[in-house]
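Contents: one structure, followed by commentary.
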Amino acid sequence: MSDAAALPSLKSDQLFINLGPQHPSTHGVLRLGLTLEGELIVKAVPDIGYLHRGTEKLAEVRGYHHCVVLTDRWDYVSAMPNNLVFCLAAEKLMGVKAPARADALRVMTCELNRCASHLLFFGTYGIDVGAFTPFLYAFREREMILDLFEMLCGARLTYNYIRLGGVGMDVSADWLTRAKEFLEYFKPRLDEYDTLLTYNPIFMARTRGVGLVSAAEAVNWGLSGPNLRGSGVNYDVRKHDPYSGYESYDFEVPLGQEGSCWDRYVCRVREMRQSIRIIEQALARLPEGPILAPGVAKVPKPAAGEVYAHVEGSRGDLGIYLVSDGGISPYRMHVRAPSFVNLAMLEEKLAGMKVADVIAVLGSIDIVLGEVDR
Amino acid sequence: MSDAPQAPTPAAPIPAAAPAAKPAPAPKAPLPEPKLNAASGRLLTDRFATWPQPIFDSKWSRQGYRNGALMLAGILLGGGLLGALIGELAPWGDALYALVASRAAAAGFAPPAADLAWTLIKVLIVLHVILLNGLWAIWWERKISAHIQSRVGPTYAGGFHGWLQTAIDGIKLLLKEDVTPAAADAPVHALAPAIVVIPCVIAFAPVLFGRELAAASLDVGTLYIFAFAGISVIGVVMAGWASGNKYSLLGGLRAAAQIVSYELPRGFSVVPVLMFAGSLDLAVIARAQEGYWWGVVPRWFAFYPVVGQIAFLIFLIASIAETNRVPFDIPEAESELVSGFHTEYSGMKWSIFFLTEYGYVLLGSFLLATFFLGGGASPLPWTPFTLVPSWLWMLGKAMLMMFVFLWVRWTLPRMRVDQLMDFTWKFLLPWSFANIAIAGLYLAFRLR
Amino acid sequence: MIGYFSRIFRDAKALVQGHGITLGYLFKPAVTVHYPDEKLLPFEKFRGALLFDAATCISCNLCVKACPSNCIQLENATNEAGKKVAKVAWYSIDFGKCNFCRLCEEACPTKPKSVWHSLDYEVVFTKRDEMVRCWKASFPFIGRYFDRQAGDFKDPEGQVSIHDVAPRRN
């Protein structure tokens with residue numbers, strides 16, 4: 001617990017409350033020390049570290065194959081990009097390239113996972129602003145994605161699917177038809193979400209013009225993902241530093257206008273549509289071939305060196321800095337976790353807001369504490 | 001589960017003295033066929049049959065619609081027949097009063113004693129209406145919310161659709177430990193639920209349950225109800241303050257601001273109705289809506305062009321706000337204030353808050369039915385409908401309104417404090433004033 | 001003035017449409033599974049609780065090396081001469097550490113697999129001892145745990161097996 005969040009000296013008309021770590025809408029174990037004047041926030045101090053598991057350090061005593069399992073546990077609601085970013089970094093170290101079919105499968109699963117993650121965001125954001133029903137609708141759809149993942153790799157949350165040099169399991173024909181069936185079911189649901197929540201006047205009043213982040217601020221804070229694009233900055237790793245063949249897919253990057261909570265929210269909802277487009281293209285062109293590149297040893301010992309790889313995770317620019325000293329485990333692994341970086345703006349943004357807006361802003365940043373604390 | 005089924009023991013145990021270092025050859029026999037364990041419950045083997053689309057398209061669902069429609073028709077028909085058999089309840093009350101009076105006279109009591117006994121009986125009846133409404137409304141809310149959200153809600157307790165669930169929850173709440181937090185102001189903490197629930201019960205006195213069917217016939221019924229319903233907020237503020245919890249305090253303060261503000265549009269939205277009916281007495285208001293335009297359209301205030309609809313909507317919105325329900329549930333605001341003013345309450349004290357909330361929902365529903373939907377009058381002027389007694393129509397209309405309360409709750413998000421205030425002061429209140437002016441024009445031009 | 005009324009109309013329309021959606025789903029059947037009465041059968045690749053077969057294990061240690069969380073331990077059996085043989089004397093998995101990642105199963109060289117994921121997803125541990133599941137020659141696939149209080153091996157109680165005869169992968 002940091003000293004900064006400890007009880008500050010208060011004026012007589014101020015109120016200090018702990019929002020979290022046990023609170024219905026801090027999305028995990030974030031603690032916010034709020035100093036209030038009535039409903040207005042004078043000072044907000046986020047306090048993190050309740051979910052720290054030391055995976056960066058653990059990676060230093062694990063083999064490269066083992067580290068993929070560790071990555072599952074950062075952003076547990078979208079573990080596929082985590083798998084992918086570590087594998088990309090390690091493959092760079094080893095000089096291996098995944099085969100075409102594996103790349104298509106990686107893209108497909110990552111985009112499905114993005115849908116699942118954004119659905120979770122959509123549902124919990126609805127709860128944050130008081131609408132409970134969208135949550136269960138979102139989970140109904142997310143359940144189908146998780147079923148697909150379970151069918152594909154046997155797990156619903158911590159997949160360990162993307163492996164060094166490719167992917168772990170091949171898809172079956174049945175899986176492909178089921179994935180198409182899901183997409184057909186999912187598309188009209190997105191319109192329903194728009195009617196139910198996105199363009200609901202109360203929801204718009206709650207989120208539009210709240211938590212404004214200008215484009216310059218967003219860049220200065222190092223925001224990424226929908227939080228950055230909500231401010232109108234067109235930056236998407238999939239477009240600007242393509243990996244796994246993203247350059248060959250036709251999709252748009254939805255952008256917000258003013259950088260309010262609503263813009264960030266809408267970016268995510270629109271991204272789901274784009275993810276559907278990408279998955280459909282990947283399904284249509286899925287190449288035949290091997291799913292694992294040859295030349296990945298059981299116990300890889302990449303040559304000494306350092307690499308940085310990043311992907312567009314569900315929450316933003318997820319990067320890994322990997323140093324090898326030629327041994328069987330990484331010498332150092334550092335994660336650029338988007339949730340952690342995005343959370344940094346909270347302290348400055350919350351001052352002057354109302355208590356209800358804290359929840360709206362916090363929800364719209366869409367953090368996962370497993371990734372913040374790692 | 002000590003007899004949990006286990007896979008059969010491998011046939012070949014390790015020989016204690018393996019003859020040589022050569023590993024035992026892998027068994028050549030085909031693998032045993034996997035067999036499902038019958039004891040592990042009904043296994044749904046086709047996972048994709050549980051996906052939403054096949055369920056929405058399935059024959060079962062069409063059959064389900066049909067069953068539901070038949071059930072609804074059965075309930076309506078059965079209720080109508082039962083109601084026709086029982087008839088109006090007001091004469092039964094008169095007969096009961098006559099019985100009480102004659103018994104009292106026979107036993108040699110003074111006439112006020114009989115009146116006192118009769119009042120006690122009526123109080124008990126109304127009290128049971130509120131209690132039973134708690135059981136019913138919570139169960140209904142659970143089922144409605146569940147079905148709106150593609151769930152099923154309680155299904156086990158009691159057998160039929162979990163109808164006993166709330167009663168069993170009530171028993172659980174009664175048996176729960178009553179915790180008073182160390183930081184709480186204990187006497188005020190204990191008093192607050194009482195202050196909340198008592199005005200609710202008192203406010204039910206003039207509520208009309210059918211034609212002429214009310215516990216007390218008051219000239220100033222409307223005013224009386226609004227006056228007492230407004231007192232509950234004191235209990236809410238007390239609960240927020242006495243809990244010794246900052247979230248509760250915020251919730252209590254929000255409740256005070258909100259309920260006081262929404263009293264105004266709620267009161268003013270009824271003024272046109274009072275102007276048309278010319279009385280504050282609920283029975284007179286209901287009687288003023290009897291009859292039909294052109295022999296078909298009932299002369300309910302909700303059907304008065306423009307003025308009726310505006311008044312109806314404002315009264316509905318303000319009633320939802322008065323009961324602290326979504327989209328106006330900022331005093332409870334689960335995602336912000338944990339549970340608001342009743343965060344620190346447990347057991348029966350907590351359930352009294354809950355009971356009161358549903359009591360006010362019922363009150364709002366009955367008032368909506370009385371003011372705008374013609375009270376106990378039949379919506380259709382034809383024989384089978386007009387035979388149904390007025391209390392059944394009243395109940396049906398009130399339940400319809402209660403469904404609207406639930407439906408709104410499970411659809412909308414929550415407003416923010418300042419938006420809530422803006423909405424009532426800048427939108428609802430001006431429109432309710434404008435509505436009074438429109439109603440005045442109606443009266444001036446004798447368009448009623 | 002027109003803007004004011006059109007805004008009211010727009011907002012009211014959006015609200016009514018939202019209510020239409022919830023009302024629509026009110027009349028659609030539920031999609032949930034009534035859990036203790038109905039259970040989903042996982043897909044065949046599902047990574048449930050690990051099972052082990054001491055008869056086919058050749059004690060090659062590959063699963064121990066493949067495990068990212070070091071939850072597997074085993075000891076070679078020895079013959080009378082004290083020489084190691086390709087059999088396990090005992091094998092244990094600490095489910096408190098297990099990641100359910102299937103790396104051990106993928107590493108297992110025997111056919112059929114000696115350690116494999118069952119489809120059992122209802123695994124409950126009521127004691128710490130129960131988390132360490134042990135296998136010896138005569139133990140069933142599901143294993144036993146060593147109860148330190150009783151000083152003896154006991155059958156795990158908190159696992160509901162979906163299969164009487166567990167499916168094994170080659």
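Note that these values count all heavy atoms, side chains included, but never hydrogens, waters or copies made by symmetry.
- When heavy atoms are compared at a cutoff of 4.5 Å, C/Glu44 does not approach chain A at all.
- Of the listed residues C/Leu119, C/Asn70, C/Leu103, the one with more heavy-atom pairs under 4.5 angstrom with chain A than any other is C/Leu103.
- Relative to the ring axis of A/Tyr161, A/Arg106 does not place its NZ or CZ within 45° and under 6.0 Å from the centre.
- Here C/Cys101 is the residue among C/Pro42, C/Ala107, C/Cys101 with the most heavy-atom pairs under 4.5 Å with chain A.
- No other option in A/Glu192, A/Met204, A/Glu150 has as many heavy-atom pairs under 4.5 Å with chain C as A/Glu150.
- Per-residue counts of heavy-atom pairs under 4.5 Å with chain A were compared for C/Gln17, C/His19, C/Lys45; the largest is that of C/Lys45.
- Using a 4.5 Å cut-off between heavy atoms, A/Tyr159 contacts chain C through its backbone alone, with no side-chain atom that close.
- Between A/Tyr125 and A/Phe121, the angle of the ring planes stays under 30°, which puts this pair in the parallel group of the 30/60° scheme.
- Ring planes of A/Tyr137 and C/Tyr25: tilted class, angle from 30 to 60°.
- Proximity to chain C involves both the backbone and the side chain of A/Thr195, based on heavy atoms less than 4.5 angstrom apart.
- For the residue pair C/Thr56/C/Ser114, the side-chain donor-acceptor check at 3.5 Å is satisfied.
- Contacts of A/Leu152 with chain C are made by backbone atoms alone, with heavy-atom separations under 4.5 Å and no side-chain atom involved.
- Most heavy-atom pairs under 4.5 Å with chain C, from the set A/Arg156, A/Glu143, A/His65, A/Arg189: that is A/Arg189.
- For C/Ser59 and C/Asn76, the side-chain atoms include at least one donor-acceptor pair closer than 3.5 Å.
- Residues A/Leu286 and A/Met108 have side chains in contact (heavy-atom distance under 4.5 Å, counting atoms from C-beta outward).
- Using bins of under 30°, 30° to 60° and over 60° for the plane-to-plane angle, the ring pair A/Phe135/A/Phe139 lands in the tilted bin.
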